[in-house]
Amino acid sequence: MKVRVRFAPSPTGLLHIGNVHTALFNWLFARQRGGVVVLRAEDTDTERSEAAFEEGICEDLRWLGLDWDEGLEVGGEYGPYRQSQRQQLYEEALEKLKAGGYVYPCYCSVEELEAQRKADLAQGKPPRYSGRCRKLSSQQRAAFEAQGRKPSWRFHIPQDQTITFTDLLRGEFSFPGKEIGDFVVVRPSGVPTYNFAVVVDDLKMEISHIIRADEHLSNTPRQVAIYQALGAPLPQFAHVAMLLGPDRQKLSKRHGAVSVAQYRAQGYLPEALMNYLALLGWTPKEGEILSRAELIAQFDLSKVATSPAIFDQEKLRWLSGQYLRGADDTRLVALAIPYLSEAGLLPEDKAAWPPKEWLARMMGLLKHNILSLGELPPWAKPFLAEPSYEDQKIAKLLSGENAVRVFTEFSAALEGKAQISPEDAAELLHQLPGELALGAGKVFRPLRAALTGQGRGPELGEIVSLLGPALCRARVQKFI
RNA sequence: GGCCCCAUCGUCUAGUGGUUUAGGACACCGCCCUCUCACGGCGGCGGCAGGGGUUCGAAUCCCCUUGGGGCUACCA
């Protein structure tokens with residue numbers, strides 16, 4: 001069987017980390033099986049759907065490296081790929097359901113239904129639709145129509161029917177029809193509801209495997225009933241566990257950053273995010289830090305966990321650091337530029353920027369100090385701008401009793417040099433304590449303070465080499 | 001309220017009846033490296049939710065309880 005999976009976000013907001021988690025599993029599965037990934041927009045919620053959100057979602061998916069073969073922006077033979085443009089298909093499907101006697105018009109207003117629902121709940125009764133419009137005579141229907149009421153269409157589930165299906169991860173399911181009330185399939189406006197549209201789309205698009213979060217598990221029998229009414233075979237279902245926040249509630253805005261865009265903005269590498277997401281609910285046979293290709297090769301849908309996982313920012317940060325350290329320095333320069341510019345550390349005129357190779361050396365050092373690019377600016381400041389010396393501890397180091405001697409000796413040692421390698425700089429530095437008859441800390445700490453205005457950072461020898469003898473002397477001489 | 005799903009260190013998890021003094025990773029703590037903070041290396045702390053069964057033997061199988069989550073919408 002040809003593997004066709006789909007990712008079907010609703011464009012009502014930014015790409016959510018929980019959604020992208022299941023999107024990733026779909027993608028890994030399809031890529032591994034040589035299948036097709038379809039991207040479609042579920043925009044039947046016309047109130048909240050926006051074109052801008054759709055574009056943002058596509059952009060974030062691409063950034064993450066989750067490409068798709070068919071659907072939004074790329075087209076394909078099964079289009080259109082936006083539910084709002086598939087009205088014709090839903091109407092045809094509805095006609096089939098009408099012809100088969102599976103649906104009936106319901107004239108209840110939203111207010112009436114809401115009141116009934118509240119009343120049921122208050123009495124401790126299950127809030128299920130009473131089914132009263134099913135028994136309407138044609139005269140009664142005509143009367144409602146005469147009042148100008150437009151009906152919604154409800155799918156009837158016989159009380160004695162049992163709906164069964166198999167989940168790839170969880171086995172057999174069997175739901176008695178009496179647990180499921182008659183549900184709306186098409187609104188009075190003619191717009192289909194999710195449960196109906198999703199089935200029509202998955203069917204028409206010949207989706208073979210529906211891999212989604214388990215919040216959809218309880219809705220699956222409704223969808224199965226529609227498949228059956230339409231005389232269609234069932235796809236394979238796989239309900240993976242959903243992502244939770246630290247408080248074990250469904251991951252939401254309350255938990256801080258929950259959109260891909262936010263992690264992107266904070267300067268996480270896409271491969272780090274992908275790797276981390278893959279580790280949530282699935283464990284590789286070997287290793288943890290895996291490239292895209294390794295993830296695809298090792299992924300095993302049947303081994304995906306059914307218990308929910310908490311999204312742990314700390315581990316993401318660690319992974320991000322791992323990827324940063326392993327990243328190519330030239331690439332890091334390109335990625336860092338927006339953050340450096342934003343912080344005012346690069347002139348607007350590109351011609352005035354330090355050479356790319358020099359910036360690459362800088363990134364080669366600083367990548368060991370950060371976990372995301374967003375943390376870069378403070379560390380980069382001494383290299384791209386004049387350090388500030390306001391910090392009390394720094395000021396103390398600069399005015400320490402031996403500081404002037406250290407600075408004088410250091411400056412003299414660099415005199416006449418146009419440049420110096422990290423190794424030579426380290427060598428030169430290590431001779432200073434002996435020459436001055438001082439402890440190493442008494443020499444290096446004030447020097448670091450004068451050169452960077454900070455008490456921490458890369459190795460001093462590296463700093464001296466990168467800054468160059470002239471700048472180093474100038475910074476130190478201010479305090480002599 | 002009804003139905004469904006889930007349950008191993010704080011977190012992600014390995015584990016599918018004996019090979020387990022329950023393994024790894026993050027976080028945390030300590031030590032080493034060192035001019036500092038990191039990075040890196042080494043070590044430590046820490047868990048089978050509870051109760052019944054089944055079995056010669058249970059983290060692993062069954063039941064109950066508890067806890068968490070989801071669905072029950074003219075949201076998706």
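Within every chain, numbering begins at 1; the chains are lettered A, B, ... in the order of the sequence lines, protein sequences first and strands thereafter.
In this structure, the nucleotide among B/A76, B/C5, B/U13 sitting nearest to the side chain of A/T283 is B/U13. The side chain of A/F444 lies closest to B/C35 when the candidates are B/A25, B/C35, B/C71. With B/C71, B/G2, B/A7 as the choices, the nucleotide that has an atom nearest any side-chain atom of A/R222 turns out to be B/C71. Comparing B/C35, B/C4, B/U11 by their nearest atom to the side chain of A/A440 picks out B/C35. When distances run from any side-chain atom of A/F175 to the nucleotides B/C39, B/C4, B/C71, the shortest one goes to B/C4. Closest to the side chain of A/D312, out of B/U11, B/C39, B/C35, is B/U11.
Nucleotide B/C42 forms a Watson-Crick or G-U wobble pair with B/G30, both donor-acceptor distances falling under 3.5 Å. Across all strands shown, nothing is found opposite B/U55 as a Watson-Crick or G-U wobble partner with both distances under 3.5 Å. Here B/C71 sits opposite B/G2 as a Watson-Crick or G-U wobble pair (both hydrogen-bonding atom distances under 3.5 Å). Nucleotide B/U11 is matched to B/A25 when pairs are restricted to Watson-Crick or G-U wobble geometry with both distances under 3.5 angstrom.
In this structure, A/L217 places its CG atom 19 Å from P of B/G2, rounding to the nearest Å. Rounded to whole angstrom, the span from the CG atom of A/L371 across to the P atom of B/C37 amounts to 17 Å. Residue A/I57 contributes atom CD1, which lies 12 Å from atom C1' of B/A76 at whole-angstrom precision. At whole-Å resolution of the value, CZ in A/F196 and P in B/C74 are 15 Å apart. When the P atom of B/U36 is taken as reference, atom NZ of A/K393 falls 15 Å away, rounded to whole Å. Here the P atom of nucleotide B/U72 and the CZ atom of A/F155 are 16 Å apart, to the nearest Å. Taking atom CG of residue A/L243 and atom C1' of nucleotide B/G70, one finds them 14 Å apart after rounding to whole Å. Summarising the geometry, the separation between CZ on A/R154 and C1' on B/C74 is reported as 8 Å, rounded to the nearest angstrom.
In this structure, A/H430 reaches the sugar-phosphate backbone alone: every heavy-atom distance under 4.0 Å involves primed, P, OP1 or OP2 atoms, never a base. Counting any heavy atom pair closer than 4.0 Å across all strands shown, A/R212 reaches no nucleic acid atom. Here A/C106 lies out of heavy-atom contact (under 4.0 Å) with every strand. Within 4.0 Å of A/G321, counting heavy atoms only, lies no atom of the nucleic acid at all. At a threshold of 4.0 angstrom between heavy atoms, the contacts of A/D214 are confined to the sugar-phosphate backbone, with no base atom among them. Among the atoms of the strands shown, only primed sugar atoms or phosphate atoms (P, OP1, OP2) are found under 4.0 Å from some heavy atom of A/T44. Nucleic acid contact class of A/R317 (heavy atoms, under 4.0 Å, all strands): none. Nucleic acid contact class of A/Q322 (heavy atoms, under 4.0 Å, all strands): sugar-phosphate only. Base engagement by A/P188 is indicated by at least one non-hydrogen atom pair under 4.0 Å involving a base atom. As judged by a 4.0 angstrom heavy-atom cut-off over every strand, A/P458 is placed among the base-contacting residues. Across all strands shown, A/H216 has heavy atoms under 4.0 Å from base atoms, whether or not it also approaches the sugar-phosphate. Among the heavy atoms of the strands lying under 4.0 Å from A/L460 is at least one base atom, whether or not backbone atoms are also near. Within the nucleic acid shown, A/L429 has no heavy atom closer than 4.0 Å to any nucleic acid atom. Contacts of A/K367 with the nucleic acid, taken as non-hydrogen atoms under 4.0 Å apart, are absent.
Both A/V186 and A/G455 sit near RNA chain B, but only A/G455 has its closest nucleotide nearer the 5' end. Nearer the 5' end of RNA chain B, as judged by each residue's closest nucleotide, is the contact made by A/K315, out of A/Q83 and A/K315.
Rounded to a whole angstrom, the distance from the C1' atom of B/G1 to that of B/U20 is 45 Å. Atom P of B/C9 sits at a distance of 15 Å from the matching atom of B/A59, rounded to the whole Å. The gap from the P atom of B/A49 to that of B/A14 amounts to 14 Å, rounded to the nearest Å. Across B/C62 and B/G70, the matching P atoms stand 25 Å from one another, rounded to whole Å. Rounded to the nearest Å, the gap between the C1' atom of B/C6 and that of B/C75 is 24 Å. Here, B/C45 and B/C5 have their C1' atoms 34 Å apart, quoted to the whole Å. The same atom, C1', is picked in B/G17 and in B/C61; the two are 8 Å apart, to the nearest Å. Distance noted for atom C1' between B/U66 and B/G52: 14 Å (whole Å).
Residue A/E459 places its CD atom among 12 or fewer non-hydrogen atoms of other residues, nucleotides or ligands, all under 6.0 Å distant. Counted within 6.0 Å of CD on A/E401, heavy atoms from surrounding residues, nucleotides or ligands total 12 or fewer; the atom is thus considered open. More than 12 heavy-atom neighbours from other residues, nucleotides or ligands sit within 6.0 angstrom of NZ on A/K98.
The side chain of A/Q116 places no N or O atom within less than 4.0 Å of a non-bridging phosphate oxygen (OP1 or OP2) of B/A73. An OP1 or OP2 oxygen of B/U11 is reached within less than 4.0 angstrom by a side-chain nitrogen or oxygen of A/R248. Phosphate proximity of B/A73 to A/R117: present, with a side-chain N or O under 4.0 Å from OP1 or OP2.
Put simply, the side chain of A/R325 and the base of B/C39 share no donor and acceptor less than 3.5 Å apart. For a distance-only test at 3.5 Å, the side chain of A/R448 qualifies as a donor-acceptor partner of the base of B/U36.
With A/Y129 as the aromatic partner, A/R154 meets the cation-pi criteria of under 6.0 angstrom to the ring centre and within 45 degrees of the ring axis. Annotation: cation-pi pair A/K303/A/W282 absent, no NZ/CZ under 6.0 Å from the ring centroid and within 45° of its normal.
Aromatic pair A/F237/A/F165: ring centres closer than 6.0 Å. For A/F196 and A/F183, the ring centers sit 6.0 Å or farther from each other.
The residue from A/V38, A/D201, A/V198 that alone fulfils the side-chain contact (heavy atoms from CB on, under 4.5 Å) condition with A/I207 is A/V38.
At least one side-chain heavy atom of A/T162 sits under 4.5 Å from a side-chain heavy atom of A/T164. At least one side-chain heavy atom of A/I289 sits under 4.5 Å from a side-chain heavy atom of A/Y323.
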